[in-house]
Each structure stands twice: as structure tokens, then as C-alpha cells.
**Student:** 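Before I ask anything, let me first share the structure, which is written out below as C-alpha cells.
Just so it is clear: chains get the letters A, B, ... in the order the sequence lines come, proteins before strands, and each one is counted from 1.
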Amino acid sequence: MKCLTNEQIQRFIDREMPSLQPEQFQHFISCPSCRALYNEQKLLAQSIKKQINSVAKLPERIPEFQIPASITHTAPRVKRFPLWAKMAALLIPACFVWKMTMKPDKLNEKEFKPTAESIRMYEMCNSVDANTAFQENMIITTVTDANGKVVKCGTN
Amino acid sequence: MEQFNDIYKQHYTSIYRLVSKFRLNSHEAEDIVQDVFVKLYLQFNSGNQVQYPKTWLYKVAVNVCINTVSRRKETESIESVSQLEFGTSDSLETNIDQNEREEIIRSALLKLKEHERLVVILYSEGLSYKEIAEVSGIKFTSVSQNLSRALEKLRPLLKKHYYEMLNQ
Ligand SMILES: [Zn+2]
């Protein structure tokens with residue numbers, strides 16, 4: 001089996017997944033050069049970590065957090081319009097739009113002027129219930145002579 | 001905002017240490033750390049949830065540092081960059097050796113590709129590969145490759161100090 005790569009060794013050093021496969025681990029145990037590389041690379045990694053950390057600086061103290069000026073300045077600007085003003089700003093245009101859209105309907109209602117004839121037709125249609133059986137609707141039959149006198153009268 | 005104050009106290013030092021590893025002077029570092037926490041404050045202020053504050057802070061800090069360094073590269077010469085060192089250490093003890101050593105390490109890091117440098121800096125912070133991937137935006141599977149390459153490149157550049165360490 002081939003020797004382990006630097007990358008595989010590095011993952012093994014850091015105990016990071018995916019770590020060594022069983023056969024790789026078997027090779028690692030039996031191969032002196034891989035074990036030497038492991039030890040050497042582990043020291044290298046530690047040394048470089050340490051060297052990079054040696055250039056790092058620590059703060060002398062943790063300063064008090066300053067709330068950004070952009071937040072403290074914008075806050076009063078938001079409060080400049082009170083709630084009633086915002087409500088009015090919404091309601092006035094809303095009412096105006098509502099009035100504009102409702103007007104044509106009211107004009108149409110005023111123009112509705114049915115004739116006497118159409119009213120009579122409407123009442124006649126409503127007086128006969130189309131849903132009741134024909135027999136239940138009483139029909140009165142009258143026969144008159146030439147002078148208008150009733151000669152014969154009968155129901156159904 | 002109590003939660004924010006806890007995070008601030010808990011992570012201020014580690015973010016400061018991370019930022020100082022980039023080529024910045026102490027004033028720049030302080031401003032960047034402040035800027036990073038302002039960004040977090042704005043997140044909290046707008047009601048956004050920050051699930052992992054540590055990785056979030058590292059991520060933002062790294063981006064601000066990279067932007068600051070690259071912006072400076074465009075506008076200023078290399079000479080002026082070398083003057084931008086932390087002035088606190090030599091005021092305490094005039095240790096030329098320490099400054100020289102720092103310069104060697106910083107210039108060795110500069111010889112790496114940007115993502116390799118970033119991985120090795122985050123590695124020195126003790127972050128796991130998963131955290132390194134999240135902070136740097138590099139694929140999790142590529143972290144070990146970038147890290148071993150960076151260490152290999154740094155080996156000859158930092159060899160002298162490496163053997164010094166071995167003898168200690
Ligand atoms: Zn081997």
C-alpha cells in the first residue's frame with residue numbers, strides 16, 4: 001500500500017473526519033516513514049500555530065460598547081411623526097379613494113325610475129307562486145252578457 | 001440586549017486577537033473589532049437571530065480585515081504598510097529580536113495564497129475544520145488540503161524558528 005499523503009496525515013493529527021480507513025491505519029502502524037512524517041508534521045503544525053500566535057496582540061482592556069451613532073440619531077427622526085399623524089396620513093387618502101369609487105353607484109340608483117306598467121308586471125309575477133301546485137291556485141271564471149251583467153260564475 | 005452584552009464580553013478578546021493577526025495597526029484593529037460588534041448589534045436590533053455568534057463574528061471580522069488590507073494595498077505603498085505595526089510592544093521593552101521575528105512571520109504569511117493564509121490563521125485560532133469552512137467559505141473537504149499546503153509552504157520560511165522550538 002502507498003504511503004499516506006500530507007493531507008491524510010494532517011487530518012489524522014487534527015483527529016478530523018474523514019480520518020484514516022482501517023487499512024490506512026494498519027499501514028501507518030507498520031510504516032516507519034509515515035510515522036516519522038506524522039511526528040514531524042505534528043511538530044511543524046504546533047510550531048507554526050505558536051509562531052502565528054506570537055504576532056497576535058491582546059487588548060489592554062475591553063472597552064465599553066458604544067451604541068452606533070447611526071441608531072441614536074435616527075431614533076428621534078422616527079418619533080417626529082406621532083401615531084395620530086400616521087393614522088391620518090393613511091385614512092384621509094383612503095376616504096378620498098372610497099368616495100371616488102362609490103359615487104357612480106349612487107348616481108345609477110337615482111336614475112332607476114320604473115314605469116307603472118313594469119311595476120304591475122312585477123306585482124303580478126310575485127302574486128302567483130310558481131312553486132305551488134296548479135290545483136292550489138284558485139281560478140274564478142265569470143260569464144257576463146252584453147250589458148255587463150254576470151250570467152254565470154264558478155271556481156276551478 | 002443583555003444577550004448582546006454577554007457575547008461582547010465573551011468574544012471581544014478572541015476577535016481582537018484574530019484581527020491583530022492581519023497586517024493592521026492597533027488603531028485599525030480596534031476600529032475593526034468595534035465595527036464587527038456594531039454589525040452584530042444591528043442584527044440584534046433588527047430582531048434577527050444569530051444562531052452561532054462565534055462563527056458569525058469570525059466570519060464578519062475576517063471579511064472586514066481582508067477588505068481593509070486589500071483597500072490599503074490599492075491606495076498605499078509597501079513602505080507605508082511596514083510602518084503600520086503595533087506600537088505597544090516596543091514601548092514596553094525595546095526588543096528588536098521580537099520585532100524582527102514578527103516581521104519574518106508576517107512576510108511568510110504574505111507569501112501564501114489568500115485562502116491558504118486564511119485557513120492557517122483560523123487554524124492557529126484553534127478552530128475545527130468545520131468552523132474554518134464556515135468562516136472562510138472554503139468547502140469542508142478542501143480545508144485539510146489548503147491547510148497541509150499552507151504548512152508545507154511555511155516550513156522553509158519559518159524553518160529557523162521551527163528548529164529553535166525543537167531545541168527548547
Ligand atoms: Zn508509509
**Student:** Looking at A/His27 and A/Cys3, what are the two nearest heavy atoms and their distance?
**Tutor:**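 Taking every non-hydrogen atom into account, NE2-CA, 3.5 Å.
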**Student:** Report, as yes or no, whether the 6.0 Å neighbourhood of atom NZ on B/Lys59 holds more than 12 heavy atoms from other residues, nucleotides or ligands.
**Tutor:**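 No, because the 6.0 Å sphere around NZ of B/Lys59 holds 12 heavy atoms or fewer from other groups.
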**Student:** For A/Gln66 and B/Gln34, which I'm curious about, is there any donor-acceptor pair between the side chains at under 3.5 Å?
**Tutor:**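 Looking only at side-chain atoms, B/Gln34 and A/Gln66 do not form any donor-acceptor pair under 3.5 Å.
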**Student:** Are more than 12 heavy atoms from other residues, nucleotides or ligands located less than 6.0 Å from atom CD of A/Glu23?
**Tutor:**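 Yes, enclosed.
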**Student:** Which region of B/Leu18, side chain (C-beta onward) or backbone (N, CA, C, O), has a non-hydrogen atom less than 4.5 Å from a non-hydrogen atom of chain A, or is it both or neither?
**Tutor:**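 The answer is neither part of B/Leu18.
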**Student:** Relative to chain A, which segment of B/Val120 carries a heavy atom at a distance below 4.5 Å: side chain, backbone, both, or neither?
**Tutor:**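 Both backbone and side chain.
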**Student:** If you measure from the Lys or Arg side-chain nitrogens to the Asp or Glu carboxylate oxygens, is any gap between A/Glu117 and A/Arg120 under 4.0 Å?
**Tutor:**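 A salt bridge links A/Glu117 with A/Arg120.
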**Student:** Are there residues of residues 125-135 of chain B whose heavy atoms fall under 4.5 Å of chain A's heavy atoms? If so, which?
**Tutor:**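 Near chain A, by residue number: B/Glu125, B/Ser128, B/Tyr129.
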**Student:** Using non-hydrogen atoms and a 4.5 Å limit, figure out which bit of B/Asn45 sits close to chain A: side chain, backbone, both or neither.
**Tutor:**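 Only the side chain of B/Asn45 comes within 4.5 Å of chain A.
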**Student:** Which heavy atom of B/Ile104 sits nearest a heavy atom of B/Leu157, and at what distance?
**Tutor:**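 Closest approach of B/Ile104 to B/Leu157: CG2-O, 4.1 Å.
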**Student:** Answer with yes or no whether the side chains of A/Gln10 and A/Asp14 bring together a donor and an acceptor at under 3.5 Å.
**Tutor:**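 Present: a donor and an acceptor within the cut-off.
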**Student:** Kindly indicate whether a cation-pi arrangement holds for A/Lys57 with B/Tyr16, taking the cut-offs as under 6.0 Å to the six-membered ring centre and within 45° of the axis.
**Tutor:**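 That pair does not qualify as a cation-pi contact.
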**Student:** Where on B/Phe37 is there a heavy atom nearer than 4.5 Å to chain A: the side chain, the backbone, both, or neither?
**Tutor:**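 Its backbone and side chain both get close to chain A.
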**Student:** How far apart are the closest heavy atoms of A/Pro63 and B/Tyr8, and which atoms are they?
**Tutor:**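 Shortest heavy-atom separation between A/Pro63 and B/Tyr8 comes out as O-OH, 2.6 Å.
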**Student:** Heavy-atom pairs under 4.5 Å with chain A: which of B/Glu152, B/Glu30, B/Lys9, B/Gln145 has the most?
**Tutor:**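 Sorted descending by pairs with chain A, the first entry is B/Gln145.
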**Student:** Give, as side chain, backbone, both or neither, the part of B/Leu147 having an atom under 4.5 angstrom from any heavy atom of chain A.
**Tutor:**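 Side chain only.
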